[in-house]
Amino acid sequence: MNNVKPKTEERNDINKYREKKLRRKKKIRFAVFALVVLVIILIIANWRTVFAPFKDIGIKRGGGGFPVTLPGSTQYYLGEMGENFYLLTDTYLYTYTSDGAEIAGIQHKFQNPASVSNSRRVMVYDRNGKSFRVYSRTGEVFSNTVDDIIVFGQIGNDERSAVITTSTRYSNYLCVFNGEGRQIFRWASPDEKIMGVCFGQGDKSVYASVIGEQNGELRGSIVKFDISGSGSEVWRTAIGERVTYSLELCSDGIYAVTGSGALLLNENTGEISALNSFTRPINALPRTDRIRAVIFRDSATNKETAVTYDNALQQIGSITPDDDITACDISDGRLYLLIGSRLYAYDQSLNETWSCELGEEYSNVKIINGYAYLLGYNTVQRVQLQGR
């Protein structure tokens with residue numbers, strides 16, 4: 001029996017093999033092309049996040065040094081952006097490296113500028129105006145205008161930001177924007193006024209303290225909203241006749257300070273885990289960083305008293321300096337008080353751990369990465385901390 005194939009049949013088999021191989025190559029090329037397109041689409045959709053770590057590589061370093069001479073202005077605000085600091089004046093936003101080198105000077109064109117910041121961005125808004133702008137260290141990221149007058153603003157932990165505005169129809173509006181300036185959430189109540197706002201973990205939720213009236217009595221609440229999807233109200237906790245002064249996300253929950261006391265709430269359920277009461281008016285509220293403190297003023301003696309609290313909001317320390325506290329800040333479990341021409345550091349129990357004679361008086365202090373940045377009459381000075 002002859003098993004040898006005819007030449008025509010052999011050629012057909014070879015052609016089929018070549019066609020099969022060619023189809024396989026085309027499928028591989030198409031798969032690679034589709035993968036490349038998908039990667040490009042993802043990069044375009046998330047380009048701010050992808051390139052954020054590299055955006056300041058081109059910043060010119062050096063040329064700094066302290067003291068930094070203040071630009072000519074009638075008012076200054078000293079703020080922080082990660083390891084860097086910024087100055088907000090009545091006309092410009094100036095950003096600086098930690099060594100005092102100017103990174104950028106940007107005109108904001110607002111009548112009544114105010115600012116809030118995180119480690120990467122600063123939002124400048126026009127109080128009693130309708131516009132706000134968000135900046136990186138090097139320049140403007142986006143600007144936006146809302147329909148109503150801005151009362152105050154807040155910035156998230158990453159790229160989201162919020163403004164609270166007046167309204168003719170409602171008490172006021174809470175508007176949340178993404179990193180490109182697009183509004184992604186809006187909420188208003190016909191009978192409650194928003195007093196404070198803070199963002200949750202990953203900026204996926206937002207918390208608002210509100211105050212309203214019921215049967216002739218004040219009614220305060222703290223509300224959590226989901227802004228990552230449905231935009232719905234997740235929980236609402238009544239806090240009585242309490243008007244909040246500050247609202248803050250901490251490692252152990254949502255920390256609210258009111259005129260009559262402080263509360264700590266579970267961020268997932270809204271359950272109140274700790275609370276206390278105040279008997280003196282609040283004079284200043286430093287941020288929380290492993291230590292909680294409130295500065296009170298005693299109306300009888302006209303003296304200021306700094307008080308610290310533990311995680312159960314029980315008092316653990318108290319000091320009353322002889323002179324007024326000019327400014328305060330908290331960093332890495334230490335409370336820093338600027339009193340006269342000296343800067344003091346205290347532990348959680350308010351035991352003095354370090355102090356420094358500054359040589360002159362300053363109006364504000366920011367503690368950043370082991371240094372105290374001090375706002376003076378015409379300079380910003382830097383002092384290295386000791387005894388941390």
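All residue numbers in this chain count up from 1 along the given sequence.
Side-chain N/O atoms of T353 and N351 include no donor and acceptor closer than 3.5 Å. Judged purely by distance below 3.5 Å, without hydrogens or angles, the side chains of T244 and T258 never pair a donor atom with an acceptor atom. D99 and T97 share no donor-acceptor pair across their side chains, judged by distance under 3.5 Å alone. Between D203 and N157, the side chains place a donor N or O and an acceptor N or O closer than 3.5 Å (distance only, hydrogens not considered). S131 and T145 share a side-chain donor-acceptor pair at under 3.5 Å. Neither side chain, T166 nor Y173, offers a donor N or O lying under 3.5 Å from an acceptor on the other. S98 and E83 are not linked by any side-chain donor-acceptor pair at a separation below 3.5 angstrom, with hydrogens and angles left out of the test. Inspection of the E357 and S341 side chains reveals an N or O donor paired with an N or O acceptor under 3.5 Å. A donor-acceptor contact closer than 3.5 angstrom is absent between the side chains of D90 and Q75.
Between Y309 and N276 there is a side-chain heavy-atom pair separated by less than 4.5 Å. Contact of the E140 side chain with the V134 side chain is not registered, since no non-hydrogen atoms from C-beta on lie closer than 4.5 Å. Considering only heavy atoms from C-beta on, L337 comes within 4.5 Å of Y346 through its side chain. With contacts defined as side-chain heavy-atom distances shorter than 4.5 Å, the pair R382/V68 does not qualify. Here the side chains of E233 and K224 are not in contact, with every heavy-atom distance at 4.5 Å or above. In this structure the side chain of E159 never reaches within 4.5 angstrom of the side chain of N178, judged on heavy atoms. R297 places a side-chain heavy atom less than 4.5 Å from the side chain of N302. The shortest side-chain heavy-atom distance between Y96 and L87 falls under the 4.5 Å cut-off.
T326 OG1 to E304 CD: the interatomic distance, rounded to the nearest 0.5 Å, is 8.5 Å. The OG atom of S246 sits 4.5 Å away from atom CG of L285, with the distance rounded to the nearest 0.5 Å.
Heavy atoms of other residues, nucleotides or ligands lying less than 6.0 angstrom from CD of E271 number 12 at most.
In the hydrophobic cluster analysis, where Ile, Leu, Val, Met, Phe, Trp and Tyr join through side-chain heavy atoms closer than 4.5 angstrom, F152 is grouped together with I155. If you chain together hydrophobic residues whose side chains sit under 4.5 Å apart, W354 and I339 never meet in one group. The cluster map of Ile, Leu, Val, Met, Phe, Trp and Tyr, joined by side-chain heavy atoms under 4.5 Å apart, puts Y94 and F66 in the same cluster. When hydrophobic clusters are built by joining Ile, Leu, Val, Met, Phe, Trp and Tyr residues whose side-chain heavy atoms come closer than 4.5 Å, directly or via intermediates, V163 is grouped together with V151.
For an aromatic pair to be called close, the ring centres must be under 6.0 Å apart, and F278 with F296 satisfies this. A centroid separation of less than 6.0 Å is found between the aromatic rings of F225 and W187.
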Margin query: Using salt bridge (charged side-chain N to carboxylate O under 4.0 Å, His left out), reason through D289 and R334 one step at a time and then give a plain yes or no.
Written below: CA-CA 8 Å; D289 186 0; R334 292 287 186 272; over 6 Å; no
Notebook entry, point to check: Is there a side-chain contact (heavy atoms from CB on, under 4.5 Å) between Y245 and I282 once you walk through the steps?
Noted result: CA-CA 9 Å; Y245 288 2; I282 298 173; 3.5 Å; yes
Next item on the list: Would you check, one step at a time, whether the test side-chain hydrogen bond (donor to acceptor under 3.5 Å, both in side chains) holds for T288 with E248?
Entry: CA-CA 8 Å; T288 300; E248 187 178 359; 3.1 Å; yes
Next item on the list: Test F185 against L174 for side-chain contact (heavy atoms from CB on, under 4.5 Å), laying out the working first.
Entry: CA-CA 8 Å; F185 176 79; L174 164 61; 4.0 Å; yes
Next item on the list: Starting from the C-alpha separation in whole Å, work towards a yes-or-no answer on salt bridge (charged side-chain N to carboxylate O under 4.0 Å, His left out) for K130 and D148.
Entry: CA-CA 6 Å; K130 296 183 178 182; D148 301 291; 5.9 Å; no
Item checked: E180 vs R160, salt bridge (charged side-chain N to carboxylate O under 4.0 Å, His left out): CA-CA, chis, key distance, verdict -> CA-CA 9 Å; E180 287 74 43; R160 291 180 174 178; over 6 Å; no
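Looking at T379, its side chain never comes within 3.5 Å of a backbone N or O of Q381 through a donor-acceptor pair.
Cation-pi geometry between R121 and Y135 is not met: the NZ or CZ atom fails to fall both under 6.0 Å from the ring centre and inside 45° of the normal. A cation-pi arrangement, defined by a distance under 6.0 Å to the six-membered ring centre and an angle within 45 degrees of its axis, is present between R342 and Y344. Under the 6.0 Å distance and 45° angle rule, R182 does not count as a cation-pi partner of F177.
Between R292 and D252, at least one side-chain nitrogen of the basic residue sits less than 4.0 Å from a carboxylate oxygen of the acidic one, meeting the salt-bridge criterion. Under 4.0 Å is where a charged nitrogen must lie from a carboxylate oxygen, and between K109 and D126 no such pair does.
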